[in-house]
Amino acid sequence: MHFKRFLDIKPEISNLFIIFINNKVVYDLNDKTFLLNSSFLNFTNFEFKKIGIAQDNNMNIYAADLSNESFSLSNQGYQSLVEYDLRYLMTILSEKDLGLVGRANQLLHYLNSSKHCGYCGSVMEFDSTEEAMFCKCNNLMIYPKISPCVLALIKKDNQILLARNALFPEGLYSALAGFIEVSETAEETVIREVFEEVSLKVNNINYFASQAWPFPSQLMLAYTCDYESGDIKVDGSEIIDAKWFDIDNLPNIPPNSTLSGRLINSCISDR
Ligand SMILES: [Zn+2]
């Protein structure tokens, strides 16, 4: 499979579509797939929002937003179409499939958020060589934007610090997280975010792994670090609780399909 970005479409040949309706992904329960073949789909036309995201075995793969179209799940060549939340799909898809459906979501977001030039306000055109949105005003190319974030897991002897974000489901604790600020290194973000969110100083910052996070376009970079000094004091707005947990007695943590889940579990298996 080759990742590409393109807008042209040949309706006369079979294409694969990843369809979004009101931010949910259309999924076929029988075939257990979100990749739907246009030969079995009943579109009235191809005028809806779409962007080519990859090519595989001479098939083009498109992300399509059919939120405002008269597209009915019950009127298709697929017999068991349902709408799934992307966050739910994270729990049932392979990493490769998740990358593809996440790419579809991110590139639809790119299409929707890059309609007009930020300098002159003109409608942007698509440059098929650069595979990017383009404006003539100062030869400006707008590529899909990715926002880097860090995850920070603080270690202290046989304990790790886990926190509850105000938006988390009841009872769930995870590593600290924050966006990288302009001009900052990821390691500096770890130090700043930890201090802002729980008032602790940390050192010995080590990279663990990364994960694309398509809600809508983050790249998560996970780090471990060691406690240096300070007493836990939560900021009370973003973080509503933070505690030291013994590694063999952890609360509910995110699943292993998420980088935060893998980061936390790596500390358990290290012991
Ligand atoms: Zn412009």
Side-chain angles (χ1 to χ4, degrees), residues 1-23 25 34-35 38 43 45-69 86 96-150 177-190 192-193 207 209-221 259:
M1 181 175 309
H2 301 286
F3 281 171
K4 288 182 168 297
R5 298 185 293 269
F6 49 96
L7 294 187
D8 54 312
I9 191 164
K10 295 190 177 74
E12 65 277 11
I13 64 165
S14 289
N15 296 291
L16 295 174
F17 280 85
I18 302 172
I19 296 176
F20 289 77
I21 298 177
N22 297 321
N23 293 320
V25 185
F34 55 85
L35 281 171
S38 58
F43 298 132
N45 58 52
F46 284 86
E47 295 303 307
F48 45 82
K49 258 183 232 157
K50 63 198 166 301
I51 180 166
I53 65 165
Q55 288 174 331
D56 192 23
N57 295 328
N58 295 323
M59 299 272 268
N60 285 344
I61 302 176
Y62 293 87
D65 183 354
L66 292 174
S67 299
N68 298 313
E69 305 294 322
L86 190 53
K96 181 166 170 273
D97 282 348
L98 189 63
L100 193 61
V101 75
R103 177 177 171 82
N105 191 48
Q106 294 197 37
L107 287 182
L108 276 179
H109 174 71
Y110 166 62
L111 198 64
N112 285 330
S113 60
S114 311
K115 271 182 239 160
H116 294 97
C117 171
Y119 285 91
C120 72
S122 301
V123 173
M124 305 279 280
E125 291 167 26
F126 188 79
D127 183 295
S128 54
T129 307
E130 284 297 311
E131 303 184 2
M133 302 302 276
F134 172 76
C135 184
K136 289 191 274 289
C137 73
N138 56 5
N139 287 334
L140 181 73
M141 288 283 173
I142 300 288
Y143 298 91
K145 291 188 188 70
I146 297 165
S147 305
C149 298
V150 299
F179 283 96
I180 295 181
E181 185 52 68
V182 173
S183 86
E184 235 175 16
T185 66
E187 290 80 2
E188 286 168 344
T189 308
V190 169
R192 178 182 55 78
E193 280 288 339
Y207 176 70
S210 65
Q211 182 182 41
W213 190 251
F215 303 103
S217 52
Q218 282 94 283
L219 174 68
M220 308 300 285
L221 305 165
L259 183 60

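We use all heavy atoms of the structure for the numbers below, so side chains are in, but hydrogens, waters and symmetry mates are not. From a predicted model like this one, the values you see are computed outputs, not experimental measurements.
When side chains are defined from C-beta on, D97 counts as touching F34, because their heavy atoms get closer than 4.5 Å. At least one side-chain heavy atom of L140 sits under 4.5 Å from a side-chain heavy atom of C117. Residues V150 and I180 form a side-chain contact, since some pair of their non-hydrogen atoms from C-beta on lies under 4.5 Å apart. You'll find the side chain of R5 reaches within 4.5 Å of the side chain of P144, heavy atoms only. Using a 4.5 Å heavy-atom cutoff, the side chains of E188 and E181 are not in contact. Between Q218 and F179, the closest side-chain pair of non-hydrogen atoms falls below 4.5 Å. Side-chain contact between L66 and F17 is absent, with no heavy-atom pair separated by less than 4.5 Å.
For the atom pair H109 NE2 and I51 CD1, the distance stands at 12.0 Å (nearest 0.5 Å). Put simply, CG on L35 and CD1 on I19 are 10.5 Å apart, with the number rounded to the nearest 0.5 Å. Interatomic distance, NZ of K115 versus CE of M124, reported as 13.0 Å (0.5 Å rounding). How far CE of M141 is from OG of S114: 13.0 Å, rounded to the nearest 0.5 Å. Rounded to the nearest 0.5 Å, atoms CZ (R103) and CG (L98) are 14.0 Å apart. With rounding to the nearest 0.5 Å, the separation of OG1 in T189 from CG in L221 is 9.0 Å.
The two atoms that bring I61 and M1 nearest to each other are CD1-CE, 4.0 Å, heavy atoms only. Smallest separation of non-hydrogen atoms from L100 and A54: CD1-CB, 4.4 Å. Heavy atoms only, all atoms of each residue included: L7 and K50 are closest at CD2-O, 3.8 Å. Scanning all heavy atoms of the two residues, the minimum distance from S210 to L219 falls at CB-CD1, 4.4 Å. Among all heavy-atom pairs drawn from F6 and D8, the shortest one is CB-OD1, 3.6 Å.
Ring planes of F48 and F43: tilted class, angle from 30 to 60°.
Here S67 pairs with D65 under the side chain to side chain donor-acceptor pair (under 3.5 Å) rule; sequence neighbours left out. Among residues two or more places apart in sequence or in another chain, the ring-ring contact (aromatic ring centres under 6.0 Å, His included) test is passed with Y143 by none. Looking at residues two or more places apart in sequence or on another chain, you find no side chain to side chain donor-acceptor pair (under 3.5 Å) involving S217.
More than 12 non-hydrogen atoms from other residues, nucleotides or ligands lie less than 6.0 angstrom from CG of N138.
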Walk me through whether S122 and C137 qualify under side chain to side chain contact (heavy atoms under 4.5 Å, CB included).
CA-CA 9 Å; S122 301; C137 73; over 6 Å; no

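At least one donor-acceptor pair under 3.5 Å links the side chain of N105 to the backbone N or O of P214. Without hydrogens or angle criteria, N15 side chain to I13 main chain gives a donor-acceptor distance under 3.5 Å.
Checked options I18, N112, I53; the residue passing with L107 is I53 (criterion: side chain to side chain contact (heavy atoms under 4.5 Å, CB included)).
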